[in-house]
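A short worksheet on the structure shown next.
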Amino acid sequence: MIEPKWQQTWDAQAAFRAFNPGETVPAAHPFAQRHGTDAMAPGRQFPPKYYILDMFPYPSGAGLHVGHPEGYTATDILARYHRARGFNVLHPMGWDSFGLPAEQYAVKTGQHPRVTTEANIANFTRQIKSLGFSYDWSRELATTDPDYFKWTQWIFLQLYNSWFNPATNKAQPIETLKFPADCVTAEQQRAFRDGKRLAYVSEAPVNWCPELGTVLANEEVIDGKSEVGGFPVVRKPMRQWMLRITAYAEKLLADLEIIDWSDSLKEMQRNWIGRSEGAEVDFQIAGSSEKIRVFTTRPDTLFGATYMVLSPEHKLLAAITTPEQAEAVKAYQAFASGKSDLERTELAKDKTGVFTGAYAINPVNGEKIPVWIADYVLASYGTGAIMAVPAHDTRDFEFAKKFNLPVIQVVEPPAGKEWQGFTDDGTAVNSGFITGLATVEAKRKISAWLEEKGLGKKTVNFKLRDWLFSRQRYWGEPFPIIWKRDAAGALYHEALPESALPVLPPTLEDYKPTTDGQPPLARATDWVTLPDGSIRETNTMPQWAGSCWYYLRYTDAKNAGAFVGTPADQYWMASNGKSAGVDLYVGGTEHAVLHLLYARFWHKVLFDLGHVSTPEPFYKLVNQGLILGEDGQKMSKSRGNVVNPDDVLGEYGADAFRLYEMFMGPLEMVKPWNTKGVEGVYRFLGRVWRLFVDEASETVYEQAETTAADATQAQGLLDLIKLSPAIQDVPGTPAQLKTLHACIKKVTEDLDGMRFNTAISAMMVFVNEAIAWEVKPVAALRTFLQLLQPFAPHVAEELWAKLHAGSSVALAYAPWPTYDPALLVETEIEIPVQVNGKFRDVIKVAADADNATIEAAAKASEKVQQFIGGKAIKKIIIVPKRMVNIAVG
RNA sequence: GCCGGUGUGGCGAAAUGGCAGACGCACAGGACUUAAAAUCCUGGGACCAUAAAAAGUCGUGUGGGUUCGAGUCCCACCACCGGCACCA
């Protein structure tokens with residue numbers, strides 16, 4: 001009853017609309033009442049901004065589950081808190097609405113995904129609004145909206161039209177790329193540029209998921225299975241669009257230092273980027289002009305290399321394999337390529353491999369060592385070849401044992417450790433000129449030596465691969481790319497001009513891929529072929545594309561002329577003292593290496609190209625913990641333990657729901673749902689209510705309500721409820737003020753530290769005390785409502801309105817209360833007394849008592865006497881205002 | 001295997017190195033009620049003791065250490081959760 005009333009009021013006033021610099025603020029808006037109508041006018045000192053963001057949801061058919069509102073409630077509380085503190089708060093919501101389920105539904109039923117998506121968005125909107133979140137709905141966006149994905153496509157064009165200049169360490173327009181001298185024909189120049197673009201086409205083997213009918217990025221493949229659905233993924237060579245995220249590996253790693261994310265999350269990103277320092281070394285093939293380059297992090301073990309291993313896909317294999325071994329090598333290559341990713345990772349603990357017949361020369365000692373191929377060496381990492389040092393590498397050791405290859409010790413471990421299979425740092429032995437050096441030293445010396453002789457050089461390798469950016473789907477952003485043929489008949493690609501944006505997907509009858517394996521878009525033959533004979537790209541972008549920049553669009557959601565306007569970007573993304581960007585971003589860990597890495601990458605490109613003003617998008621990021629079912633298991637349909645927020649809301653209301661989500665425990669922790677717990681906070685809200693209202697008038701209201709014709713009429717009856725007569729306009733007693741100010745202090749500090757659960761418990765303590773007050777000072781209760789407002793806004797606004805009898809001051813914009821430390825000072829304090837470290841008694845002394853007084857009081861205690869009586873006092877420790885400890889012998 | 005996180009009552013959890021278990025749930029007893037619901041009051045870590053209590057002992061995953069004093073700091077280990085994993 002109360003909740004819809006306030007939700008309608010907020011909606012009607014657009015109460016939580018955030019204003020950009022230069023915008024006109026209507027005089028009636030509560031923001032204007034707080035800050036003045038020209039608060040945002042240019043040249044005027046406008047309030048500091050606070051940008052607080054939730055990870056926007058994919059609007060699924062199942063609707064919201066209780067996990068979504070956990071983060072949303074936390075951000076809403078902080079948004080309301082900062083609003084009360086006088087910040088101009090940007091708190092938006094939108095929809096990550098491209099995605100597979102709507103497309104699969106379309107394949108089954110023929111219903112356009114847009115219809116499904118819109119229905120789901122409507123349902124999500126209803127659910128989210130029913131929770132009373134203070135979003136600025138005027139900035140709502142959906143990635144599937146052409147006005148939005150127009151700019152997603154535009155950003156893709158920026159990537160397409162840029163290259164990464166290692167000299168400046170920045171992305172730059174492709175026109176700044178200089179052609180080499182031998183690059184003269186139009187075809188050569190085009191090929192040269194296409195090879196440098198941040199968005200490029202590659203023919204490499206990719207992760208193909210037959211079940212989903214699309215390719216997937218490395219990040220979307222887990223243990224050889226698709227992240228979505230858990231279907232098998234196989235390697236398959238295909239022509240695909242890639243984004244050159246590897247060019248940013250170093251920056252993505254280094255800039256983790258300037259943002260405030262949890263250690264575990266930063267570590268996940270570091271692991272995924274996987275930087276490792278080492279050296280590349282060239283090995284001459286005996287009796288051949290070919291050289292094989294290997295990457296190693298342990299050049300100091302070069303003297304212990306007893307064989308080499310190439311990946312089965314290595315380019316030089318054909319050239320170096322001896323005729324006698326050719327057949328075996330070919331058979332092994334077929335065997336390796338036939339393995340699925342699943343088999344290669346899960347079942348391949350047993351090493352396999354074949355001798356190529358070739359020998360390589362170890363550059364440090366001229367030894368001839370055999371060259372093998374084995375699938376434990378990956379083509380896609382380093383140089384696709386290794387020098388094997390079985391004595392000091394676990395994998396090489398296993399392989400050597402299986403194939404009886406020699407093992408030579410070159411590192412001496414610390415005393416007491418077995419040298420075979422020792423992989424940590426030690427001292428070099430049997431290693432010529434580096435013998436006797438510690439590993440770190442040995443690495444340095446041999447790298448310098450290799451470099452000097454031209455045999456190798458220091459290098460850095462990354463695990464991070466380029467981002468596979470195309471999908472064979474219908475429900476995604478089409479690429480603004482067309483294909484043409486040159487004079488020789490070869491296909492080449494070309495960007496559509498900005499004026500052609502947005503490129504809309506065609507209307508289809510059938511959303512399945514074509515029978516010959518083309519993406520669904522290829523079915524629209526009249527869409528695909530342009531009048532001039534060129535052909536459209538039929539792949540679409542992955543779901544991650546839209547979420548890579550949505551936080552920027554919120555700052556300037558209606559801008560028709562740019563993806564974001566510079567003033568809006570500079571205002572909302574500005575530094576708030578520490579590092580620039582979104583001030584607080586809350587979402588689940590599942591996006592640690594997907595969305596969060598991709599978004600950082602795009603942002604850095606946009607930054608390099610001068611389109612945004614900050615190097616990082618999200619300054620502070622917090623992951624909310626998973627909410628488990630009542631049985632302590634992960635919520636899932638199959639377990640039947642899913643809690644639907646609608647049910648909880650119907651039973652207890654939004655305020656109780658919000659309060660419980662926050663009261664369960666620290667935001668970041670994993671915690672089980674417990675409906676009984678909701679009852680607890682519901683009872684608390686009941687006590688808050690009874691603290692304010694007159695019970696007799698409530699009975700009158702209840703009787704009237706049962707006879708009310710409809711909801712609107714019933715809402716009017718709320719006025720029948722009168723304030724409790726105990727509430728009077730009198731100054732609070734010192735004890736009452738102390739209770740109140742202790743609560744203000746605790747709630748304020750806990751909100752600053754995002755400790756919502758303890759803030760709520762502090763309010764419970766206040767209410768438990770205040771409810772016993774015979775006379776309730778109105779000012780104290782008013783202040784309490786301000787503390788309660790961010791957590792339980794509906795009931796707080798309702799009671800606030802009653803206290804102000806018709807005046808229209810919105811509680812949401814009332815200035816946050818401050819506490820007076822003077823009121824919290826204790827005159828008499830209790831101090832625990834320990835004897836030999838064991839707690840024995842509590843003494844009461846004046847707060848400013850000196851040590852001698854405290855000591856005397858402690859010794860005077862009867863209980864303490866029992867323990868020190870007759871014993872010699874060795875030492876007395878007194879911590880003023882804290883405790884006393886008497887050590888006796 | 002590597003990295004990160006977490007271990008505290010029957011349960012969710014609190015505790016700047018200083019009275020462990022705030023606050024809440026569940027539970028028990030009582031008040032109000034014809035009765036129930038709602039509400040209000042009281043109790044509550046374990047052990048030992050007792051008619052009941054007081055007093056006492058033990059207690060924050062395990063084992064050590066630092067300290068007058070450790071849930072908190074240090075070392076070693078165990079368990080669970082999450083991530084990565086043939087990345088040379």
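Since this is a predicted model, take the numbers as computed values, not measurements. Values below: every heavy atom of this structure, side chains too, minus hydrogens, waters and symmetry copies. Chain naming here is simple, since letters A, B, ... match the order of the sequence lines and numbering starts at 1 in each.
Regarding the sugar-base torsion, B:G83 falls in the anti class, its angle being beyond 90° of 0.
Base-pair partner of B:G18: B:C68 (Watson-Crick or G-U wobble, both distances under 3.5 Å). Across the strands present, B:C27 finds its partner in B:G43; the criterion is a Watson-Crick or G-U wobble pair with both atom distances under 3.5 angstrom. Across all strands shown, nothing is found opposite B:C48 as a Watson-Crick or G-U wobble partner with both distances under 3.5 Å. Taking a pair to require two hydrogen-bonding distances under 3.5 Å in either a Watson-Crick or a G-U wobble arrangement, B:C84 pairs with B:G1. Nucleotide B:C77 forms a Watson-Crick or G-U wobble pair with B:G61, both donor-acceptor distances falling under 3.5 Å. Across all strands shown, B:G9 remains unpaired; no Watson-Crick or G-U wobble contact has both distances below 3.5 Å. Judged by Watson-Crick or G-U wobble contacts below 3.5 Å, the nucleotide B:A35 has no partner.
Seen from the ring of A:Trp261, A:Arg600 counts as a face-on cation partner, given the 6.0 Å and 45° thresholds. Remark: A:Lys351 qualifies as a cation-pi partner of A:Tyr376 under the 6.0 Å distance and 45° angle criteria applied to the six-membered ring.
For A:Pro666, the listed nucleotide lying nearest its side chain is B:A13; candidates were B:A13, B:G12, B:G69.
Ion pairing of A:Lys859 with A:Glu855 is present here, as a side-chain N (NZ or NE/NH1/NH2) and a carboxylate O approach within less than 4.0 Å. The existence of a salt bridge linking A:Glu257 and A:Arg270 is confirmed by a sub-4.0 Å separation between a basic side-chain nitrogen and an acidic carboxylate oxygen. Between A:Glu70 and A:Lys671, at least one side-chain nitrogen of the basic residue sits less than 4.0 Å from a carboxylate oxygen of the acidic one, meeting the salt-bridge criterion.
Backbone-only engagement by A:Val765 is indicated by non-hydrogen atom pairs under 4.0 Å involving sugar-phosphate atoms exclusively. Among the atoms of the strands shown, base atoms are found under 4.0 Å from some heavy atom of A:Lys463. If you check every strand for non-hydrogen atoms under 4.0 Å, A:Thr589 touches nothing.
Taking side-chain N and O atoms only, A:Asn757 has no distance below 4.0 Å to OP1 or OP2 of B:C23. Distances shorter than 4.0 Å separate none of the side-chain N or O atoms of A:Arg755 from OP1 or OP2 on B:A13. An OP1 or OP2 oxygen of B:G1 is reached within less than 4.0 angstrom by no side-chain nitrogen or oxygen of A:Thr394. The side chain of A:Arg683 contributes an N or O atom lying less than 4.0 Å from OP1 or OP2 of B:C25. Put simply, A:Lys875 has a side-chain N or O that comes within less than 4.0 Å of OP1 or OP2 on B:C68.
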- Task: Begin from the C-alpha positions of A:Trp419 and A:Phe397 and carry the test ring-ring contact (aromatic ring centres under 6.0 Å, His included) through to its verdict.
- Result: CA-CA 12 Å; A:Trp419 64 265; A:Phe397 189 50; 8.2 Å; no

- Show your reasoning for whether salt bridge (charged side-chain N to carboxylate O under 4.0 Å, His left out) applies to A:Glu250 and A:Arg275. CA-CA 8 Å; A:Glu250 201 75 70; A:Arg275 184 182 196 274; 2.8 Å; yes

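Listed by residue number, A:Gly837, A:Lys838, A:Phe839, A:Arg840, A:Val842 are the residues of residues 836-844 of chain A with a heavy-atom contact under 4.0 Å to RNA chain B.
The ring of A:Tyr332 has its center closer than 6.0 angstrom to the ring center of A:Phe335.
Scanning atom types as modelled, one donor and one acceptor separated by under 3.5 angstrom connect the side chain of A:Arg882 and the base of B:U16. Contact annotation: side chain of A:Lys351 to base of B:C86, donor-acceptor pair present below 3.5 Å. Looking at A:Asn271, its side chain has no donor and acceptor atom pair within 3.5 Å of the base of B:C84.
Whole-Å rounding puts the A:Asn674 CG to B:C27 C1' distance at 14 Å. Look at CD on A:Glu219: it is 15 Å from P on B:G83, rounded to the nearest Å. To the nearest angstrom, C1' of B:A37 lies 12 Å from CD of A:Glu679. As rounded to whole Å, 13 Å separates atom P of B:G5 from atom CG of A:Asn623. We find that CD1 of A:Ile873 is positioned 17 Å from P of B:C68, with the value rounded to whole Å.
Heavy-atom distances to RNA chain B give each of A:Asn461 and A:Tyr660 a nearest nucleotide, and the one nearer the 5′ end belongs to A:Tyr660. If you find the closest nucleotide of RNA chain B to A:Lys863 and to A:Glu830, the one lying nearer the 5' end belongs to A:Glu830.
In this pair, A:Phe403 and A:Trp372 present their aromatic rings tilted. The plane angle is within the 30 to 60° band.
Comparing the C1' positions of B:G43 and B:U34 gives an interatomic distance of 29 Å, to the nearest angstrom. Across the P atoms, B:G4 and B:U67 are found 29 Å apart, a figure rounded to whole Å.
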